[in-house]
Participant: 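The structure is given below, and queries will be raised subsequently.
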Number of protein chains: 2
Amino acid sequence: MVDVAQAAGTSQKTVSRVVNGEPGVRPETVERVQRAIAELGFRRHDGASHLRRGTSTASIGLVLEDLAGSFYSAVTAAVERSARERGYLLLTGSADGDPERAGRLVQAFAARRVDGLLIAPNLVGDEVLTANLPPDVPAVLLDRPSADHRTDEVLSDNAGGIAAAVRHLAGQGHRRIAYLGDDERFWTSRQRRDGFLATCAELGLPTDGLVSLGALDPVGLAAAVNGWTADGVTAVVTGNNRASVALLHHLHEHPGPRPAHVGFDELDLADVLDPPLTTVAQDAGGIGQAAVDLLFERIGTPTLPPRSVVVPTRLVVRRSSPPPDAAPVRNAR
Amino acid sequence: MVDVAQAAGTSQKTVSRVVNGEPGVRPETVERVQRAIAELGFRRHDGASHLRRGTSTASIGLVLEDLAGSFYSAVTAAVERSARERGYLLLTGSADGDPERAGRLVQAFAARRVDGLLIAPNLVGDEVLTANLPPDVPAVLLDRPSADHRTDEVLSDNAGGIAAAVRHLAGQGHRRIAYLGDDERFWTSRQRRDGFLATCAELGLPTDGLVSLGALDPVGLAAAVNGWTADGVTAVVTGNNRASVALLHHLHEHPGPRPAHVGFDELDLADVLDPPLTTVAQDAGGIGQAAVDLLFERIGTPTLPPRSVVVPTRLVVRRSSPPPDAAPVRNAR
DNA sequence: TCCGTCGATGACAACGTAGTCATCGGCCGG
DNA sequence: CCGGCCGATGACTACGTTGTCATCGACGGA
């Protein structure tokens, strides 16, 4: 600005005024300054501006488990859009399975003075969080709860989604329904398994030996599925995309009578699969948007009591979940 | 820092020394300061630090078309990882189909003094770019070329990938191969179509009426496919995920003789589809990493001549591309 | 004992910007 | 013609931090 001021034959303060569109500058002066700005290629230093103004940085941070992955990327897209609509920029970081890395990201974002944080990595224990999250930084947990419920959180209706899946299968007449989930370390895995168990109990369905968590490798999976088949299982609920894909692979490579299948979390190609896969669709966009809404409310009113938002899921019935005695449904040819 | 200094009974400068781990502070003093820091919950203001030091902000900006989408999210993940490994933070933004929005993002990132920019939105014309990209901000174009080749760029080997697909089909004995691409406005669409035409010409294959761009809606697509079928087409190459999925939908809903099919860009479920889809896999991770490498080289040596990196693709042959006279390959049951 | 040296510390300025207040010329009404 | 007022502008300072340099006490060697 000093350089611009010199070039325009004015003072640095007047340049500041022009840059910020403040009134009370002669049009002629404005033009001189703007010409100098254009000539010198001047750009205001936002960081210095924020520092002087003492205002926010107009940015929020998003800590994820993994930026790839359809669910998280859909969430990210929704978050970025909501933030952008409010004039905020988004900083993103992946924990990539390392809770310590997540902690460092939180600290780095806090040091950059983001106005708020969205935290999603599923492997992060609360100790990592409380150790790294400064108490004065507004934060919302995404797709994972806060142990002490002192932080805002946005969750998918895991239990409800699984319940819908089980009820749908039970409604089709299935009595022996198995559950294939991802690793027990993930909160969502436990949550969905518990939802499965609860719903089965409610409906009087058996669950002994019908739940497998974390064995998604071909060998482990084959063992589980074969056991289930021998046990008269006619339907399987898969607890996340990884489990769904693993089961699809297994069924693809071991042709034969196909159990009914409902997968948690939508797949892009669900309705092009053969048979099209019945899924419990999570509302990734809704989750992202709700999280940003919550975050800005908290930024606006830090004294708000902690809130928990549960975003509903939607059961999308396709053809992978017919009644048990029906012949496996394939495309007519 | 002033508050901390007062609490620790020292000067603000000594606090700075402790915070930055500078030598020459008595251990006793260090401890007093650290206690004060902990008590007051002090965190250094990175923005002010960067301002004073005149150093970089240790951040880079990534402007995408759309943060969702498997290709872009894979690229983003790779970019973030590479940046993080270098101690850099990543700012992300989506253009969402609006070139003007992309321009605003570029300006916002530049005003934040990111150390470099990765720019990918495919709808952005060069005028938008040059109008918004300050000449002194290092930038790398991702998955799109710079018209004047004065900016570094990382591209997927579109022509090579399509050529591999066509050659594979020709090798299987197909003579009438059609090409289904996305909207012509996208540079990659045009690029891949041109690759298709070039390879067909090279192999002496006909292309008249065998190329359809942008008609991915059910009606338009059905018209194209029916025309092709009547015209004796036995194989189709789809130019991106959208086209692949559109064709898969169409074939799914119109059972009958199935043309051989090779899709550009990998699909998560390619090998669970029926038949498993032969694809030209792009190396999203490699593209992201190459872009970051290029960016940091340019940041390090701004005078480097502009470079263009082409990341190879890989043909993954599955069962959707059998010879023309073979019965459509389905799973054995 | 004196001086040079060294370790520890603090005072001050500056990074780029914006808020506060003073200055200055011209204009109006009396 | 004069005092007050207003529009336009600039000087100065502070935001939170770090680089530079000065200060000050202690210590070792002559």
Side-chain angles (χ1 to χ4, degrees), chain A residues 1-37 40-59 89 107-115 134 136-137, chain B residues 1-37 40-59 89 107-115 134 136-137:
Chain A
M1 277 191 180
V2 177
D3 296 345
V4 172
Q6 188 167 6
T10 176
S11 78
Q12 173 262 329
K13 177 64 214 193
T14 296
V15 176
S16 168
R17 278 193 256 262
V18 172
V19 167
N20 293 298
E22 290 174 27
V25 183
R26 285 217 320 266
E28 176 196 317
T29 311
V30 170
E31 208 202 330
R32 275 208 325 277
V33 170
Q34 279 172 341
R35 213 165 19 229
I37 287 177
L40 296 172
F42 167 84
R43 284 164 289 141
R44 185 179 67 176
H45 190 306
D46 274 7
S49 176
H50 289 140
L51 177 61
R52 174 58 180 110
R53 290 185 139 115
T55 61
S56 80
T57 57
S59 59
L89 251 33
Q107 291 196 327
F109 288 157
R112 299 285 176 122
R113 294 295 194 273
V114 295
D115 296 306
D136 59 337
V137 176
Chain B
M1 277 192 182
V2 176
D3 296 346
V4 172
Q6 188 168 5
T10 177
S11 79
Q12 176 260 340
K13 176 65 213 193
T14 296
V15 176
S16 168
R17 278 193 256 264
V18 172
V19 167
N20 292 299
E22 290 174 27
V25 183
R26 288 219 317 270
E28 176 196 317
T29 311
V30 170
E31 208 203 329
R32 278 210 322 278
V33 170
Q34 279 172 341
R35 214 168 16 234
I37 286 176
L40 296 171
F42 167 84
R43 284 164 288 141
R44 185 180 65 176
H45 189 306
D46 274 8
S49 177
H50 288 140
L51 177 59
R52 174 59 181 110
R53 288 184 139 118
T55 63
S56 79
T57 56
S59 59
L89 252 32
Q107 291 196 326
F109 288 158
R112 300 284 175 124
R113 293 296 193 271
V114 294
D115 296 307
D136 58 338
V137 176

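The chains referred to below are lettered A, B, ... by the order of the sequence lines, with proteins before strands, and numbering in each begins at 1.
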Participant: Any idea which heavy atoms bring B:Q12 and B:A5 closest together, and the distance?
Facilitator: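 Scanning both residues completely, I find the closest heavy atoms to be N-CB, 3.4 Å.
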
Participant: Test your reading of the model: is there a side-chain donor-acceptor pair from B:R112 to the backbone of A:T57, 3.5 Å cut-off?
Facilitator: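 Yes; judged by distance alone, with no hydrogens or angles, the pair exists.
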
Participant: My understanding is that only residues two or more places apart in sequence, or in another chain, count here; which of them pass salt bridge (Lys or Arg N to Asp or Glu O under 4.0 Å) with B:R53?
Facilitator: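 Checked B:R53 against salt bridge (Lys or Arg N to Asp or Glu O under 4.0 Å); zero matches.
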
Participant: Base, sugar-phosphate alone, or nothing: which one does B:E28 contact when heavy atoms must sit under 4.0 Å apart?
Facilitator: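 If one applies the 4.0 Å heavy-atom cut-off, B:E28 turns out to touch nothing in the nucleic acid.
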
Participant: Looking at A:A8, is its backbone amide N or carbonyl O close enough to the side chain of A:R32 to form a donor-acceptor pair, meaning the two atoms are under 3.5 Å apart?
Facilitator: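 Yes, A:R32 side chain to A:A8 backbone: donor-acceptor pair under 3.5 Å.
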
Participant: Rounded to whole Å, please give me the gap between NE2 in A:H50 and P in C:dG19.
Facilitator: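 So the NE2-P distance, A:H50 to C:dG19, works out to 12 Å.
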
Participant: What's the CG-C1' distance between B:D3 and D:dT17, to the nearest Å?
Facilitator: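 From B:D3 CG to D:dT17 C1': 14 Å.
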
Participant: Protein within reach of the bases, or only the backbone? For nucleotides 7-17 of chain C, mark each nucleotide 5' to 3' as B, S or -, using heavy atoms under 4.0 Å.
Facilitator: -SBBB-BBBBB

Participant: In Å, rounded to the nearest 0.5 Å, how long is the span from CZ of B:R44 to CD1 of B:I37?
Facilitator: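 Spacing of CZ (B:R44) from CD1 (B:I37) equals 10.5 Å.
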
